[in-house]
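Structure first, then comments.
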Amino acid sequence: MSGLSTKRLMKELADIKSKGTPEGIILLSADSMDEWVFLISVLGDETIYKGETFALRMKFGNRYPIDVPEVTFLANGQYQPPMHPHVYSNGHICASILGNEWSPVLNAVAICITMQSMLASNKKKERPEGNDRYVRSAPSNPKLTRWHYDDDVSTGTKSSCHPPMTRI
């Protein structure tokens, strides 16, 4: 881990310890400067994820915060990724903030807030189109996937997201 990465992560960790995290977000583990795990719950009575908690893992490389960390929802015996159109069953997340819209001014808590918001805005529990095909051939590091983001012209938002092999 480079000096810049370690210094930045130590500052982020100190901020979390002194200020806490936003409601619905808990730092579960930060035993090293290489990997942190957060628990994320979606707030509100209207959410389709009411009562569910998801574990979000961040792996930080030597070039963090210049480069985006590797971010996945845990998929193991204890935690499962949320059913969401941008979350694959192996925990990979197709979100522009984790790709071409990453900025070094963002931090681990900002990623958690974005994931919490992404879940809160979802109205239907479903996997992305081509989930099984993607999971069978996906790299272990989702940063190696060249995600495609399709814009919804009517709303100006990213409406779908997928690897090239599952072009809609």
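Atoms considered below: every heavy atom in the structure, side chains included; atoms not considered: hydrogens, waters and symmetry mates.
Side-chain atoms of Q116 come within 3.5 Å of backbone N or O of E23 as a donor-acceptor pair. No donor-acceptor distance shorter than 3.5 angstrom exists from the side chain of R57 to the backbone of V71, with no hydrogens or angles considered. Using a distance-only test at 3.5 Å, with no hydrogens or angles considered, no donor-acceptor pair links the side chain of N141 to the main chain of E70. The main-chain N or O of P69 is never found under 3.5 Å from a side-chain atom of W102 such that the two would form a donor-acceptor pair. With hydrogens and angles ignored, the 3.5 Å screen pairs a side-chain donor or acceptor of T114 with a backbone N or O of A110. Judged by distance alone, with hydrogens and angles left aside, the side-chain atoms of S5 form a donor-acceptor pair with the main-chain N or O of N62 at under 3.5 Å.
Considering all non-hydrogen atoms of both residues, L98 and V68 come closest at O-CG1, 3.5 Å. Closest of all the heavy-atom pairs between A95 and M115 is CB-CE, 4.0 Å.
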Apply side-chain contact (heavy atoms from CB on, under 4.5 Å) to the pair Y64 and E12, showing each step before the final yes or no.
CA-CA 12 Å; Y64 177 81; E12 288 185 39; 2.5 Å; yes
Begin from the C-alpha positions of V42 and N122 and carry the test side-chain contact (heavy atoms from CB on, under 4.5 Å) through to its verdict.
CA-CA 11 Å; V42 182; N122 188 34; over 6 Å; no
Apply side-chain contact (heavy atoms from CB on, under 4.5 Å) to residues F38 and I111 and explain how you reach the verdict.
CA-CA 10 Å; F38 289 87; I111 294 170; over 6 Å; no
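At least one side-chain heavy atom of M118 sits under 4.5 Å from a side-chain heavy atom of V87. Residues I113 and P22 are in side-chain contact: their nearest non-hydrogen atoms beyond the backbone lie under 4.5 Å apart. Counting only heavy atoms from C-beta outward, the side chains of R8 and F60 never approach each other to under 4.5 Å. Between P139 and T145 the shortest side-chain heavy-atom distance falls below 4.5 Å. Contact annotation: the side chain of P65 never approaches that of V105 to less than 4.5 Å [non-hydrogen atoms, C-beta and beyond]. For the pair M33 and L13, the minimum side-chain heavy-atom distance is below 4.5 Å. A 4.5 Å side-chain heavy-atom check between R127 and S89 finds at least one atom pair inside the cut-off. Annotation: side chain of T72 is not in contact with side chain of K59 (no heavy-atom distance under 4.5 Å).
Within the model, atoms CD1 of I97 and OG of S117 stand 10.0 Å from one another, a figure rounded to the nearest 0.5 Å. Here the straight-line distance linking atom OG of S121 with atom CD1 of I48 works out to 9.5 Å at 0.5 Å rounding. To the nearest 0.5 angstrom, E101 atom CD is 10.0 Å from L106 atom CG. For the atom pair K125 NZ and L119 CG, the distance stands at 10.0 Å (nearest 0.5 Å). Taking CD of Q80 as the reference point, atom CZ of F54 lies at 10.0 Å (rounded to 0.5 Å).
In summary, R136 and D132 do not engage in a salt bridge, as defined by a charged side-chain N under 4.0 Å from a carboxylate O.
A search for salt bridge (Lys or Arg N to Asp or Glu O under 4.0 Å) contacts involving E126 returns K124, not counting sequence neighbours.
Hydrophobic clustering, defined by side-chain heavy atoms of Ile, Leu, Val, Met, Phe, Trp and Tyr closer than 4.5 Å, groups Y79 together with I26, L28, V37, L39, L74.
Hydrophobic cluster membership differs between L9 and I66, with clusters built from Ile, Leu, Val, Met, Phe, Trp and Tyr side chains linked at under 4.5 angstrom.
A parallel orientation is assigned to the rings of Y49 and H84, their planes being inclined by less than 30° (bins at 30° and 60°). Using cut-offs of 30° and 60° for the angle between ring planes, the Y134 and Y88 rings count as tilted.
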